[in-house]
Undergrad: 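First, the structure itself, so that you have it in front of you.
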Amino acid sequence: MQNKSTINLDFTINSGQTFLWEKIGDAWFGVNGGELLVIAEPFRIVSSSKNARYFFRHGDNMSKILSSINKDTLVRTAVEQFPGLRLMRQDPFQCYISFICSSNSSIRNIKNMLTRLCRKFGNKVEFENHQFSTFPSAGTLANATIKDLLSCGLGFRAKYVREAAKAVNSGKIEFEALRKTDYRTAQDMLKTVQGIGNKIADCILLFSLDKLESFPIDRWTQRILQKYYPEIFDITHGKSLTEKKYTHLHEKIVEYFGPYAGYSQQFLFKMERDLNKKKWL
DNA sequence: TCATCACCTGGAGA
DNA sequence: ATCTCCAGGTGAT
């Protein structure tokens with residue numbers, strides 16, 4: 001059993017929370033906002049970025065968190081199966097745009113869209129002869145034409161992305177204020193943006209704004225809950241959740257999994273996707 | 001308040 | 001090759 005504080009990069013990156021990472025040799029290269037993170041496995045920060053520790057939530061007390069979410073054998077199995085799987089603390093703007101793009105799409109497609117956005121609107125950076133492009137700023141995307149956004153393959157999401165960028169650029173959405181406020185208030189604020197519903201708001205809150213009680217409920221999560229917890233959570237089969245049901249279900253989830261429910265979600269999600277041999281990055 | 005349905009696009013599977 | 005189906009949802013009706 002390895003140290004609980006050791007981060008497993010492969011598990012962490014390939015758990016659906018982030019999209020712009022690429023493995024070259026034994027190193028992972030990841031775009032996070034305006035910077036490039038380079039991390040080798042076993043976990044070692046290669047680039048000089050001071051933000052890498054922050055990004056990987058180095059301060060999280062994992063023994064406390066893992067013991068908190070250890071509610072049943074299923075969670076216990078998932079935690080044992082994926083030691084070192086962690087949540088990330090991503091650049092909020094990138095996370096926000098990424099999950100707006102995730103709507104009704106697949107991981108492969110989302111990654112393609114975001115990569116094209118970076119290439120078209122971001123800054124070029126080079127590391128050991130490898131070329132990358134950073135994530136565009138809110139100002140840049142707010143001023144992009146719909147035509148240019150469509151050329152990145154965004155489809156119906158193009159107008160959402162531009163309006164979302166405008167909301168940030170104008171100060172209507174302030175991530176650091178959302179980070180400080182409570183879960184529900186932050187979620188309501190995010191949902192005022194077109195293209196952001198409960199699920200996407202929860203992803204942004206969990207993966208970039210420190211709301212660890214957030215538990216994004218999507219097709220997979222629903223499948224997990226009805227497959228393994230039919231007695232505890234009442235999931236209406238196959239149908240999309242209404243506003244009221246989503247909120248009610250989330251309350252039940254936090255009641256059961258506790259204040260770090262988001263971490264339990266990450267382990268269960270990873271486990272079930274791997275079980276179904278779903279591809280990651 | 002709830003149920004249906006359309007939606008851009010490009011992989012994956014038939 | 002060519003086609004169909006659908007993917008980590010959301011908004012409009």
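Naming convention: chains lettered A, B, ... in sequence-line order (proteins, then strands); numbering from 1 in each chain. It should be emphasised that the depicted structure is a prediction, and the values quoted were computed from it without experimental measurement.
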Undergrad: Can you check the A:Q222 CD to C:dG8 C1' distance for me, whole Å?
TA: 11 Å
Undergrad: Can you work out whether A:G195 or A:K278 has the more 5'-proximal nearest nucleotide on DNA chain C?
TA: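 Closer to the 5' end of DNA chain C: A:K278.
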Undergrad: Whole-Å distance between C:dG8 C1' and A:I110 CD1?
TA: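 In whole Å, C:dG8 C1' and A:I110 CD1 are 7 Å from each other.
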Undergrad: By side chain to side chain donor-acceptor pair (under 3.5 Å), which residues pair with A:K270, not counting sequence neighbours?
TA: A:D274
Undergrad: Looking only at side-chain N and O atoms, does A:Y246 offer a donor or acceptor that is under 3.5 Å from a partner on A:D202?
TA: yes
Undergrad: Please list each protein N or O that sits under 3.5 Å from an N or O in nucleotides 1-5 of chain C, with the distance.
TA:
none

Undergrad: Between A:N32 and A:Y54, do the side chains contain a donor N or O and an acceptor N or O under 3.5 Å apart?
TA: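 Looking only at side-chain atoms, A:N32 and A:Y54 do not form any donor-acceptor pair under 3.5 Å.
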Undergrad: To the nearest 0.5 Å, how far apart are NE2 in A:H248 and CG in A:L241?
TA: 11.0 Å
Undergrad: So does A:L66 get a backbone contact from the side chain of A:N70, meaning a donor-acceptor N/O pair under 3.5 Å?
TA: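 Checked: no pair found.
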Undergrad: Rounded to the nearest 0.5 Å, what separates atom SG in A:C203 from atom CG in A:N198?
TA: 11.0 Å
Undergrad: Write down the distance between CZ (A:F99) and P (C:dT10), rounded to a whole number of angstrom.
TA: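 In whole Å, C:dT10 P and A:F99 CZ are 11 Å from each other.
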Undergrad: Please determine, by modelled atom types, if A:Y263 and A:D60 share a side-chain donor-acceptor pair under 3.5 angstrom.
TA: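 Yes, a side-chain donor-acceptor pair sits under 3.5 Å.
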Undergrad: Could you tell me the separation between the CG atom of A:L281 and the P atom of C:dG8, rounded to a whole number of Å?
TA: 12 Å
Undergrad: Once hydrogens and angles are ignored, does a donor-acceptor distance under 3.5 Å link the base of C:dG8 to the side chain of A:K199?
TA: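 For A:K199, whose side chain was compared with the base of C:dG8, there is a donor-acceptor pair (under 3.5 Å).
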Undergrad: Look at all strands and tell whether A:Y160 reaches a base, only sugar-phosphate, or nothing, counting heavy atoms closer than 4.0 Å.
TA: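 Touches sugar-phosphate only.
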Undergrad: How do A:G16 and A:I196 order along DNA chain C: which one's closest nucleotide is nearer the 5' end?
TA: A:G16
Undergrad: Send over the distance from A:D218 CG to C:dC6 P, rounded to a whole Å.
TA: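 So the CG-P distance, A:D218 to C:dC6, works out to 18 Å.
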Undergrad: For DNA chain B, list all stems, counting runs of three or more consecutive pairs where every pair is Watson-Crick or G-U wobble with both distances under 3.5 Å.
TA: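 Stems (3+ consecutive pairs) listed as B:3-7 with C:9-13, B:9-14 with C:2-7.
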Undergrad: Rounded to the Å, how far apart are A:W220 CH2 and C:dA7 P?
TA: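 Rounding to the nearest Å, CH2 of A:W220 and P of C:dA7 are 9 Å apart.
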Undergrad: Examine distances only and state if a side-chain atom of A:Q266 and a backbone atom of A:S15 form a donor-acceptor pair shorter than 3.5 Å.
TA: yes
Undergrad: Indicate whether any N or O donor in one side chain lies under 3.5 Å from an N or O acceptor in the other, for A:T185 and A:D182.
TA: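 Per modelled atom types, A:T185 and A:D182 side chains form a pair under 3.5 Å.
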Undergrad: Have a look at A:S15 and say if it touches a base, only the backbone sugar-phosphate, or nothing, with a 4.0 Å heavy-atom cut-off.
TA: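 Answer is base: heavy atoms of A:S15 come under 4.0 Å of a base.
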Undergrad: Taking A:A261's backbone N and O only, do any of them form a donor-acceptor pair with A:S264's side chain (distance below 3.5 Å, no angle check)?
TA: yes
Undergrad: Polar pairs (N or O, both sides) under 3.5 Å between protein and nucleotides 8-14 of chain B?
TA:
residue, atom, partner, partner atom, Å
B:dC8, O4', A:F156, N, 3.1
B:dC8, O2, A:R157, NH1, 2.6
B:dC8, N3, A:R157, NH2, 3.1
B:dC8, N4, A:N104, ND2, 3.2
B:dT9, O2, A:N109, ND2, 3.4
B:dG10, O4', A:N109, OD1, 3.1
B:dG11, OP1, A:N112, ND2, 2.7
B:dA12, OP1, A:R108, NH1, 3.1

Undergrad: Separation of A:I200 atom CD1 from C:dA7 atom P, in whole Å?
TA: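 The answer, rounded to whole Å, is 16 Å.
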Undergrad: Write down the distance separating the P atoms in C:dT13 and B:dC8, rounded off to the nearest Å.
TA: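 The answer is 14 Å between these two P atoms.
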Undergrad: Have a look at A:E272 and say if it touches a base, only the backbone sugar-phosphate, or nothing, with a 4.0 Å heavy-atom cut-off.
TA: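 If one applies the 4.0 Å heavy-atom cut-off, A:E272 turns out to touch nothing in the nucleic acid.
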Undergrad: Could you work out the separation of C:dG8 and B:dC5 based on their P atoms and round it to a whole Å?
TA: 22 Å
Undergrad: How about A:D10 and A:W28: does a side-chain donor come under 3.5 Å of a side-chain acceptor?
TA: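 A donor-acceptor contact under 3.5 Å links the two side chains.
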Undergrad: Is there a donor in the side chain of A:Q194 and an acceptor in the side chain of A:E163, or the other way round, less than 3.5 Å apart?
TA: no
Undergrad: Can you name the one residue among A:K227, A:R223, A:R219 that meets salt bridge (charged side-chain N to carboxylate O under 4.0 Å, His left out) with A:E272?
TA: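 Among the candidates, only A:K227 passes.
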Undergrad: Between N or O atoms, less than 3.5 Å apart, protein on one side and nucleotides 1-3 of chain B on the other: list the pairs.
TA:
none

Undergrad: Partners of A:T145 by side chain to side chain donor-acceptor pair (under 3.5 Å), sequence neighbours excluded?
TA: A:D148
